[in-house]
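Beneath this line is the structure, given in structure tokens, with notes to follow.
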Protein chains: 2
Amino acid sequence: MTTEPLNYRSLCPLSTALDLIGDKWSLILVRDMCMGKSKYGDFQNSPEAIPTNILANRLRKLESNGILVKRPYQDKPVRYEYCLTLKGAELLPVIQQLARWAHQHVAESMPPPAWFLNAKPEDLIKASKL
Amino acid sequence: MTTEPLNYRSLCPLSTALDLIGDKWSLILVRDMCMGKSKYGDFQNSPEAIPTNILANRLRKLESNGILVKRPYQDKPVRYEYCLTLKGAELLPVIQQLARWAHQHVAESMPPPAWFLNAKPEDLIKASKL
DNA sequence: TTAATCACTTGCAATAAGCAAGTTACTATT
DNA sequence: AATAGTAACTTGCTTATTGCAAGTGATTAA
């Protein structure tokens, strides 16, 4: 498997999950990948405007935690795409629940698109090797 | 309603949700309240060992965002309890999905108790005024 | 040759987290 | 009456993380 931090605050499943993806940006990136985005520039262009150094850092962490895979889709010049693994795709239910909650309880938030709420993790993985 | 930050990164529901509870500690506290904990000292005694200044700060934020209510349950000396509102209790599905995900994909994490996975938000609110 | 794009890295300032100790208001003990 | 103890915090300070602006290397396009 991939290298994981190994310094969990506790072994409570919620706590370990938060240690891996419980920061301000990780799930935003997972969302973007759920929406079909896959390139560095795509992530930068999201409305939340992630700083570029943090983007690079989060992509590295998510990769080393097995949530996404980075692979070149061309050379000269080399360009990479970032795709969810099964582990990453299965965060979809988490994101769906968060979006549902915000829609119900945060007045300012926009409604999540229906296709998003009905999507399944399996729909998201396009030929990645787990 | 209660005072909310009003400085959301975007109006995407996921993004607004993360702006409210997407930090390292908020959901840990919501989990504790889901488990029946309600006092300052209870939260401090959780295995993740939240620093006391951060605990006080998070309780304030969660209260001002309408996720919990703080109320005295005795005076002389005054002691407070912190209880989930409906808004807070409805984070349960989010936490359940996170726990489920960790159990499936994080080798080190313990299995979530069955009663927890089957609990419903309504079960959690004990006579708070929404 | 110059300009442009993509995918980053680097340096530094600002913000947040974490640790230890102190405080206030009581109750209980000697 | 003095001492100790507990609950719920606050304060000061150090360390770590974020965020902003600018710079870099590879390559294509004008």
Side-chain angles (χ1 to χ4, degrees), chain A residues 5-10 14-16 18-30 32-33 36-65 68-83, chain B residues 4-10 15-16 18-30 32-33 36-65 68-83:
Chain A
L6 210 55
N7 279 54
Y8 296 108
R9 286 174 288 177
S10 82
L14 175 73
S15 166
T16 61
L18 292 176
D19 287 342
L20 291 174
I21 48 83
D23 67 289
K24 200 171 165 180
W25 294 106
S26 292
L27 287 183
I28 295 283
L29 294 176
V30 174
D32 280 354
M33 289 184 280
K37 295 185 179 182
S38 65
K39 316 231 190 81
Y40 196 91
D42 294 337
F43 303 130
Q44 279 189 303
N45 290 331
S46 285
E48 292 82 12
I50 185 172
T52 181
N53 54 341
I54 292 175
L55 174 54
N57 175 273
R58 280 314 110 91
L59 289 173
R60 250 194 311 274
K61 278 194 186 169
L62 291 172
E63 189 191 13
S64 85
N65 288 327
L68 59 79
V69 283
K70 174 186 187 175
R71 56 183 169 210
Y73 64 93
Q74 69 164 48
D75 37 43
K76 292 188 291 183
V78 215
R79 288 295 131 88
Y80 303 97
E81 65 176 352
Y82 301 87
C83 297
Chain B
E4 276 170 16
L6 210 55
N7 279 53
Y8 297 108
R9 285 173 290 177
S10 81
S15 165
T16 62
L18 292 176
D19 287 343
L20 291 174
I21 48 83
D23 67 289
K24 199 171 166 180
W25 292 106
S26 291
L27 287 183
I28 294 283
L29 295 176
V30 174
D32 281 354
M33 289 184 280
K37 295 185 178 182
S38 65
K39 317 233 190 83
Y40 196 92
D42 293 338
F43 304 129
Q44 280 189 302
N45 291 331
S46 286
E48 292 82 12
I50 185 170
T52 180
N53 55 341
I54 292 175
L55 174 54
N57 176 274
R58 280 316 108 93
L59 290 172
R60 251 195 311 275
K61 280 193 184 169
L62 291 173
E63 190 192 13
S64 84
N65 288 326
L68 58 79
V69 283
K70 174 185 186 173
R71 57 184 169 209
Y73 64 93
Q74 68 164 51
D75 37 43
K76 292 187 292 191
V78 218
R79 289 294 132 89
Y80 302 97
E81 65 175 352
Y82 300 87
C83 298

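Every chain is numbered from 1, with letters handed out A, B, ... down the list of sequences.
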Report summary line: side-chain contact (heavy atoms from CB on, under 4.5 Å) filter on A/Y73, not counting sequence neighbours, yields A/K39, A/R79, A/E81

Query raised in the report: Looking at CD1 of A/I28 and CD1 of A/I50, how far apart are the two atoms once the value is rounded to the nearest 0.5 Å?
Result: 8.5 Å

**Report entry** Results of side-chain contact (heavy atoms from CB on, under 4.5 Å) for B/N57 - residues two or more places apart only
**Finding:** B/R60, B/K61

Report summary line: Across all chains, not counting sequence neighbours, the side-chain hydrogen bond (donor to acceptor under 3.5 Å, both in side chains) partners of A/Y82 are none

Report task. Could you tell me from which nucleotide to which nucleotide of DNA chain D, 5' to 3', there is an atom under 4.0 Å from chain A heavy atoms? Result -> D/dT18 to D/dT28

Each nucleotide N or O in nucleotides 26-30 of chain C that has a protein N or O under 3.5 Å away: list the pair and distance.
from, atom 1, to, atom 2, distance (Å)
C/dT27, OP1, B/K76, O, 3.2

Requested in this report: Write down the atom of B/L18, the atom of A/K24, and the distance for their closest heavy-atom approach.
Outcome: CD1-O, 4.3 Å

Query raised in the report: Which of residues 22-30 of chain B have a heavy atom under 4.0 Å from DNA chain C?
Result: B/K24, B/W25

**Report entry** Those residues that, when tested against B/D23, pass salt bridge (charged side-chain N to carboxylate O under 4.0 Å, His left out) (two or more places apart)
**Finding:** B/R58

Query raised in the report: Nearest-Å distance, CZ (A/R71) to C1' (C/dA7)?
Result: 18 Å

**Report entry** Distance in angstrom units between B/L55 CG and C/dA20 P, rounded
**Finding:** 17 Å

Query raised in the report: Which residue lies toward the 5' end of DNA chain D, B/N57 or A/R58, if each is placed at its nearest nucleotide?
Result: B/N57

Query raised in the report: Once you round to the nearest 0.5 Å, how far does CG of B/D32 lie from CH2 of B/W25?
Result: 10.0 Å

Query raised in the report: Shortest non-hydrogen contact from A/F43 to A/L55?
Result: CB-CD1, 3.8 Å

Report task. State, to 0.1 Å, how close A/I21 and A/L62 come at their nearest heavy-atom pair, and which atoms those are. Result -> CG2-CD2, 4.1 Å

Query raised in the report: Atom CG of A/N7 and atom C1' of C/dG18: how far apart are they, to the nearest Å?
Result: 15 Å

Query raised in the report: How far does CE of B/M33 sit from CG of B/D42, to the nearest 0.5 angstrom?
Result: 11.0 Å

Query - side-chain hydrogen bond (donor to acceptor under 3.5 Å, both in side chains) involving A/T16 - partner list, sequence neighbours excluded - result: none

Report task. Answer whether the closest heavy-atom distance between the side chains of A/K70 and A/L59 falls below 4.5 Å. Result -> no

Query raised in the report: What residues form a side-chain contact (heavy atoms from CB on, under 4.5 Å) with B/S10, not counting sequence neighbours?
Result: A/P47, A/E48, B/C12, B/S15

Report task. Residues of residues 42-54 of chain B with any non-hydrogen atom less than 4.0 angstrom from an atom of DNA chain D: list those, numerically ordered, please. Result -> B/T52, B/N53

